[in-house]
K.L.:
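I'd like to ask some things about the structure below.
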Number of protein chains: 2
Amino acid sequence: MSDPGSPARPVGTTGPLAHRVPDLAALELLLAVARLGSLGRAAKEMGITQPAASSRVRSMERLLGVALVERSPRGSRLTEAGALVTDWARRIVEAAEVFDAGAQALRGRRDSRLRVAASMTIAEYLLPGWLIALRGRLPDTAVSLLAGNSAAVAERVRAGEADLGFVEGLDAPAGLDGAVVGHDRLAVVVAPDHAWARRRTPLPPAELAATPLILRERGSGTRQVLDAALAAYGGLATPLLELASTTAVKSAVVSGLGPSVLSELAVGEELAARRLVEIPVAVRLRRDLRAVWPLGQRPTGPARELLSLTRG
Amino acid sequence: MSDPGSPARPVGTTGPLAHRVPDLAALELLLAVARLGSLGRAAKEMGITQPAASSRVRSMERLLGVALVERSPRGSRLTEAGALVTDWARRIVEAAEVFDAGAQALRGRRDSRLRVAASMTIAEYLLPGWLIALRGRLPDTAVSLLAGNSAAVAERVRAGEADLGFVEGLDAPAGLDGAVVGHDRLAVVVAPDHAWARRRTPLPPAELAATPLILRERGSGTRQVLDAALAAYGGLATPLLELASTTAVKSAVVSGLGPSVLSELAVGEELAARRLVEIPVAVRLRRDLRAVWPLGQRPTGPARELLSLTRG
DNA sequence: TGAGGGCATAAGCTGGATTTATGAGTGATC
DNA sequence: GATCACTCATAAATCCAGCTTATGCCCTCA
């Protein structure tokens, strides 16, 4: 069927995304076809039969209303549209790989070879990527992840329940060795139509301190750093709103409820898409990201490998 | 079942991703539960029944081997692990939204209210985000997308077959009005273990010019800009390898075959994950991203709205 | 104490996707 | 020039996953 023209009425713009986006297996298949240049080979790699692959690609084309691959007796190549779709598909698959790496670690099997404890921000944004890279070097290393606040992480490492910890904060936790593996800047963010977005000059710290913000609940590392940085300017005002998750905070800010201060790791995408705007502020809002381990016990084996990955 | 402990043997680390990652519908459901605080309400929003939602969440928990939501007679809240998983899930869903926005436009229905032509780089990395934002303002606007190189885009716009075009390049296309909507920097990239990655000083342009690179096939905008920038330094060496897609180029570079020059838009993720390293070079490799329209016909309606989005 | 909201379980059904088996087209090779 | 090796498409039968409907239990609040 080189004619994708019996248009089984592509699904409209309503309803759940899942009805309009092919499933992960189909997207992976498409990537495999792009890479291998043949439906049959792609099928084999995915562990299905050639007709199944053929049918999957076809239903994907029906769903999207566009021909994705050019079949020929010598193999299959992507069409122009197919190349575009494949690149969008790759983003989904990469996000799924992050999910998978994180989820596997979260499963926290007792027989793990490497037990990692990490603060929420690191666990959420950085660790899965490190784990994917680690899998590239030590494919058979089972990793378990325990996420919690910095104090809890330090405690786990001290107790020997984790081989390696990752924390964010101003100071290294007491009683542990460690190394700075990166930095994290806190960004003052507002919705694009907020008055601050029209400022031409950096925000005075005192104004930031005096403004009620949307923040995570007490105890988060972000809030701690903010508190310390603004102590000299009258201290942090009573929050406008206290929410349980970083995501909830972001949503609130995006919908214009007020400003917030969040890790740049958490708002990168929103800033790029201009759903949020960062406001320069004349105070240093920076914290270290640290790997920590028990005093004197320099990491070895998988822990050492992971540590080396984090420092590039 | 507050005990997720009859551990239906979580799937191992082999095989297709789709067997280890819940499908999009389940992930969307999880986000809805997180947002609405109740399985039943989430079910209603997704257009399924409450038992179906309950079952989906349960099988997700079985798949991941972790409890995600705390059920209570008063509703459901995410567990700690659930919050983490939900954030990873959100990344997948956002990638799916990008896919969806792009794919819908690609479908290119004749009855579209807004016909856009765009160069590959813009179509791939920027346009879907703009379309998502546009949907927020003009929900009922059907958009069609035609992707091609800059010359083809200009031609479509001149012929009145597209209401708005987006091109990248050094100069504005002749015979069209336009506005710069952004910039794109070309980055010299190599694998992390390449010799250039250990340089402490910027790469001399002449050395870049003399080195065979991995590039896209002739005719790509990237290559054009590179040619122009290095003309004064002896001109571009014969490529080491010419590949059909940006992605193929990236893979080749990542696996250490050689250096390349790619749009920063294309390598952002790879740089962040340190799969690639950018090499500073003492020459300006920058190009404008332009919106274009027929002379004198300043965009109106949906085209104008889209244009305003791109300039934030 | 009854009503309402919330979740779990059971049973039956439906539909989609898979596999096996085959055919047909193309290009290379002897 | 015929055969082989590879590609993909089609057809038919099967099977399983997930849905809906119909309940029941638990808790909270009036």
Side-chain angles (χ1 to χ4, degrees), chain A residues 1-6 8-9 11 15-16 18-30 32-63 67-79 82, chain B residues 1-6 8-9 11 15-16 18-30 32-63 67-79 82:
Chain A
M1 166 167 116
S2 67
D3 173 318
S6 52
R9 187 170 38 275
V11 185
H19 291 170
R20 277 170 292 148
V21 177
D23 61 37
L24 265 174
L27 299 178
E28 276 192 276
L29 176 63
L30 183 62
V33 171
R35 181 159 35 83
L36 301 173
S38 147
L39 284 178
R41 272 200 293 275
K44 181 147 43 157
E45 184 174 272
M46 301 278 302
I48 59 178
T49 59
Q50 173 265 320
S54 188
S55 148
R56 269 213 257 215
V57 171
R58 189 186 315 287
S59 51
M60 206 170 359
E61 289 176 319
R62 205 164 13 124
L63 179 66
L68 299 175
V69 307
E70 263 176 18
R71 291 107 168 135
S72 88
R74 284 174 40 224
S76 295
R77 290 197 52 69
L78 293 179
T79 62
Chain B
M1 167 166 118
S2 66
D3 173 319
S6 53
R9 186 172 40 274
V11 184
H19 290 170
R20 277 169 293 149
V21 177
D23 61 36
L24 266 174
L27 299 178
E28 277 192 276
L29 176 63
L30 183 61
V33 171
R35 183 157 35 81
L36 301 173
S38 145
L39 284 178
R41 271 200 294 275
K44 180 146 45 155
E45 183 174 274
M46 300 279 300
I48 59 178
T49 59
Q50 171 265 319
S54 187
S55 148
R56 270 215 258 218
V57 171
R58 189 185 312 288
S59 50
M60 205 168 3
E61 290 177 316
R62 207 165 12 127
L63 179 67
L68 299 175
V69 306
E70 263 176 18
R71 290 104 166 139
S72 88
R74 285 176 35 223
S76 295
R77 290 197 51 69
L78 293 179
T79 61

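Numbered from 1 within each chain, the chains take letters A, B, ... in sequence-line order.
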K.L.:
Pairs under 3.5 angstrom only: tabulate donor-acceptor contacts from the side chains of residues 47-55 of chain A to other protein residues two or more places apart or in another chain.
P.N.:
none

K.L.:
Is B:Ser54 close enough to C:dC7 that one of its side-chain N or O atoms is under 4.0 Å from OP1 or OP2 there?
P.N.:
no
K.L.:
Output all residues satisfying side-chain contact (heavy atoms from CB on, under 4.5 Å) with B:Ala25, sequence neighbours left out; order by chain, then residue number.
P.N.:
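Expected list: A:Ala18, B:Asp23, B:Arg56.
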K.L.:
Across nucleotides 12-30 of chain D, 5' to 3', mark each nucleotide with B, S or - according to how protein heavy atoms within less than 4.0 Å reach it.
P.N.:
-------SBBB----SS--
K.L.:
Do you know the tightest heavy-atom contact between B:Met60 and B:Leu30?
P.N.:
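Taking every non-hydrogen atom into account, CE-CB, 4.1 Å.
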K.L.:
Using side-chain hydrogen bond (donor to acceptor under 3.5 Å, both in side chains) as the criterion, list what pairs up with A:Arg74, not counting sequence neighbours.
P.N.:
none
K.L.:
Can you sort out the partners of B:Glu45 under salt bridge (charged side-chain N to carboxylate O under 4.0 Å, His left out), two or more places apart, ordered by chain and number?
P.N.:
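B:Glu45 satisfies salt bridge (charged side-chain N to carboxylate O under 4.0 Å, His left out) with B:Arg35 once adjacent residues are dropped.
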K.L.:
Hey, is the main chain of B:Val69 close enough, under 3.5 Å, to the side chain of B:Ser76 for a donor-acceptor pair?
P.N.:
no
K.L.:
Using the test side-chain contact (heavy atoms from CB on, under 4.5 Å), find all partners of B:Ser38 that sit at least two apart in sequence or belong to another chain.
P.N.:
B:Arg41
K.L.:
For B:Arg77 and C:dG6, what is the distance between atoms CZ and C1' respectively, to the nearest whole Å?
P.N.:
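Rounding to the nearest Å, CZ of B:Arg77 and C1' of C:dG6 are 15 Å apart.
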K.L.:
For A:Leu29 and A:Ala43, work out which heavy atoms get closest and say how close.
P.N.:
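Minimum heavy-atom separation between A:Leu29 and A:Ala43: CD1-N, 4.3 Å.
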K.L.:
Expected output is a numbered-order residue list: members of residues 34-41 of chain A with a heavy atom under 4.0 Å from any atom of DNA chain C. What is it?
P.N.:
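Result for residues 34-41 of chain A: none.
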K.L.:
Is there a side-chain contact between B:Arg71 and the phosphate of C:dG6, meaning an N or O under 4.0 Å from OP1 or OP2?
P.N.:
no
K.L.:
Over how many whole Å does the gap from A:Met60 atom CE to C:dG16 atom C1' extend?
P.N.:
16 Å
K.L.:
Figure out the CZ/P separation between B:Arg58 and C:dA10, and round it to whole Å.
P.N.:
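Distance check: B:Arg58 CZ to C:dA10 P gives 11 Å.
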